[in-house]
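For ligands, and for the atoms within them, numbers begin at 1 and follow the listed sequence. As the structure is a computational prediction, the values presented were derived from the model and not from experiment.
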Amino acid sequence: MTEMFKNLIAGEWAGAGNASRNINPSDTNDVVGEYAQGSVEQMNDAVAAAKAAFPAWSRSGPQERYEILKKASDEILARKEELGRLLSREEGKTLAEGIGEAGRAGQIFAFFAGECLRLSGEAIPSVRPGVGVEITREPVGVIGMITPWNFPIAIPAWKIAPALAYGNCVVIKPADLVPGSAWALVDIIQRAGLPKGVLNLVMGRGSVVGQALLQHKDVHAISFTGSVSTGRKVAEACIASSPMKKIQLEMGGKNPLVVLDDADLKIAVEAAVTGAYFSTGQRCTASSRLIVQAGIHDRFVEACIERLKGVVVDDALKAGTHIGPVVDQSQLDQDLKYIQIAKDEGGKLAWGGEVLKRETPGFYLQPALFTETTNAMRISREEVFGPVANVIRVKDYEEALHLANDTEFGLSAGICTTSLKAATHFKRNSEAGMVMVNLATAGVDYHVPFGGRKGSSYGPREQGAYAKEMYTTVKTAYTLA
Ligand code: NAD
């Protein structure tokens, strides 16, 4: 009997007429569970519950919020192996990556528990004699959250934790493809003592419950992570609604990793291979464009292929697996489509790109490395979101910087070099929100801002203390003494 997981509305678990099957991409015979597919009515009930809970929660003290977030953090950390296993089973990350991500969710809740106690304001003199000015931060209201499948516990955590810490109420709609980790997270937070209605979960289709959330007049802000095309729809709906909603969009990437002739080859290869292919390349920060100077190019490509030969692609839950499966058939089809596009454009498939058979039926793809590509090709310009990367040969640093910035995205960018001058210049002149020196473009901390520029992001940054830009609104109060 497959377990049925329900939506959380006004503090009660509510079933829905429909459910979707959550399938393990390492073994498509394995059903993780049946997850409720909410309706527009359920979404409306969830928003109404959040609205009703807001007056009391927004006035709750920092100690109460601290205790709830801390308790949630403690349970997530105590159960990170089990949560990590669920994550790997439903999404296809390796067990080590799954446990790491679950642990990250716990650390995020601990950080924002602390933030509950650190909210501050300012009292400053007015330019008018006898008048005082106070600047304070208040919660925004009801926050709608729409999240993707690729970080199914970390992304819900880094949105929910600051929203609650700063006194907001939440309605979250996780990705319908991978809802189990978000369900488990919401269950933990609710049991940590949250008043009814402060946090609501409505699972289901983006075009149904997602749209209902975007269009609801009682939702004050939307925090979205996902693809650029959905992000654009989210923004349009939020601006069209009355009143307009505050928005935060985190979207795609085509992140460059520059490798200069003077790079430490070992560091560069490690940054490229782990950044491009680990987590099956399904990271918005994946190092998918490898921009390599001519003098090191051949040695770099050869060393990457050697490194890739030792990479094990297999069942995410198996010991010894380095890369798990692609998340589902349609993402695998997209990866294979781009492999064909890159070949048709004249790229040389230097390694991999084959669909692999393993003990159990799953979506296994050998990492693909293309060489002899240009930055004008579609493989360099469009996000594949799979274990596919391409090498672009350049003559010098100036050309590398120019190509790194020649993209409509701007999430993360990296450089491998032993030159302080080149590293410093790159940090200042990269048009990305996050810059890495001698590190992969993927892999970030949780206590500092996360986000990009250009087509990758829109609105305030996520994570760290900067999250308050999204989850609070500033009030300026004047008093005649
Ligand atoms: P997606 O855009 O297909 O879906 C994201 C979410 O939006 C899902 O919950 C989906 O159900 C919902 N949705 C879809 N259509 C909707 C609609 N019309 N109205 C409302 N909601 C709708 O993205 P995905 O395939 O789940 O995730 C992969 C994408 O996410 C990639 O582009 C990746 O780069 C991006 N991503 C970005 C970041 C970041 O922080 N920049 C992090 C992770 C993933």
Side-chain angles (χ1 to χ4, degrees), residues 20 35 37-38 40 43 90-91 93 101 104 144-159 171-179 181-182 201-216 219 222-238 240-241 245 247-255 279-288 326-328 330-335 338 382-386 407-412 432-434 441-444 446 449-463 467 470:
S20 74
Y35 288 78
Q37 288 263 302
V40 171
M43 182 53 87
E90 67 168 347
E91 199 266 354
K93 271 183 194 156
E101 188 181 328
R104 174 59 61 101
M145 299 175 178
I146 298 178
T147 56
W149 50 262
N150 69 325
F151 283 97
I153 195 163
I155 293 179
W158 79 51
K159 294 184 192 298
V171 179
I172 181 164
K173 191 217 87 67
D176 35 351
L177 189 59
V178 182
S181 298
L201 168 77
V202 183
M203 299 175 287
R205 296 189 65 83
S207 54
V208 180
V209 286
Q211 275 299 321
L213 183 62
L214 296 177
Q215 283 161 3
H216 203 295
V219 174
I222 294 284
S223 180
F224 166 84
T225 302
S227 62
V228 175
S229 61
T230 311
R232 192 170 288 282
K233 285 185 206 155
V234 169
E236 283 166 2
C238 290
S241 75
K245 297 177 181 22
I247 31 180
Q248 175 177 60
L249 309 176
E250 286 299 341
M251 300 168 285
K254 195 72 209 181
N255 310 290
S279 299
T280 324
Q282 295 171 158
R283 294 189 282 194
C284 50
T285 48
S287 313
S288 51
V326 172
V327 73
D328 72 350
S330 85
Q331 184 61 50
L332 180 61
D333 292 344
Q334 171 160 316
D335 298 347
Y338 274 103
E382 298 169 22
E383 185 182 49
V384 179
F385 218 56
T407 168
E408 67 180 68
F409 297 104
L411 189 55
S412 182
M434 297 176 290
T441 55
V444 296
Y446 62 90
F450 176 95
R453 298 185 187 175
K454 302 199 278 189
S456 291
S457 301
Y458 188 86
R461 287 281 183 270
E462 301 208 80
Q463 302 203 48
M470 175 65 189

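- Annotation: side chain to side chain donor-acceptor pair (under 3.5 Å) contacts of T285 (sequence neighbours excluded): none.
- Between K93 and E101 there is a salt bridge, since at least one side-chain N of the basic residue sits less than 4.0 Å from a carboxylate O of the acidic one.
- Taking S288 as the reference, K254 meet the side-chain contact (heavy atoms from CB on, under 4.5 Å) condition, with sequence neighbours excluded.
- In this structure E382 satisfies the salt bridge (Lys or Arg N to Asp or Glu O under 4.0 Å) test together with R378, sequence neighbours excluded.
- The CD atom of E250 sits 3.5 Å away from the OG atom of S457 when rounded to the nearest 0.5 Å.
- When each of D335, D333, D328 is tested with Q331 by the rule side chain to side chain donor-acceptor pair (under 3.5 Å), just one qualifies, namely D335.
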At less than 3.5 Å, what protein N or O atoms come close to the N or O atoms of ligand 1? Include the distances to 0.1 Å.
unit_1   : atom_1 : unit_2 : atom_2 : d
ligand 1 : 2 (O)  : S227   : N      : 2.8
ligand 1 : 2 (O)  : S227   : OG     : 2.6
ligand 1 : 2 (O)  : T230   : OG1    : 2.8
ligand 1 : 9 (O)  : T147   : O      : 2.7
ligand 1 : 9 (O)  : K173   : NZ     : 3.2
ligand 1 : 11 (O) : K173   : NZ     : 2.9
ligand 1 : 18 (N) : Q211   : NE2    : 3.2
ligand 1 : 19 (N) : G206   : O      : 3.3
ligand 1 : 19 (N) : Q211   : NE2    : 3.2
ligand 1 : 23 (O) : S227   : N      : 3.4
ligand 1 : 25 (O) : W149   : NE1    : 2.9
ligand 1 : 26 (O) : W149   : NE1    : 3.4
ligand 1 : 30 (O) : G226   : O      : 3.3
ligand 1 : 32 (O) : E383   : OE1    : 2.6
ligand 1 : 34 (O) : E383   : OE1    : 3.4
ligand 1 : 34 (O) : E383   : OE2    : 2.6
ligand 1 : 41 (N) : M251   : N      : 3.4
ligand 1 : 41 (N) : M251   : O      : 2.7

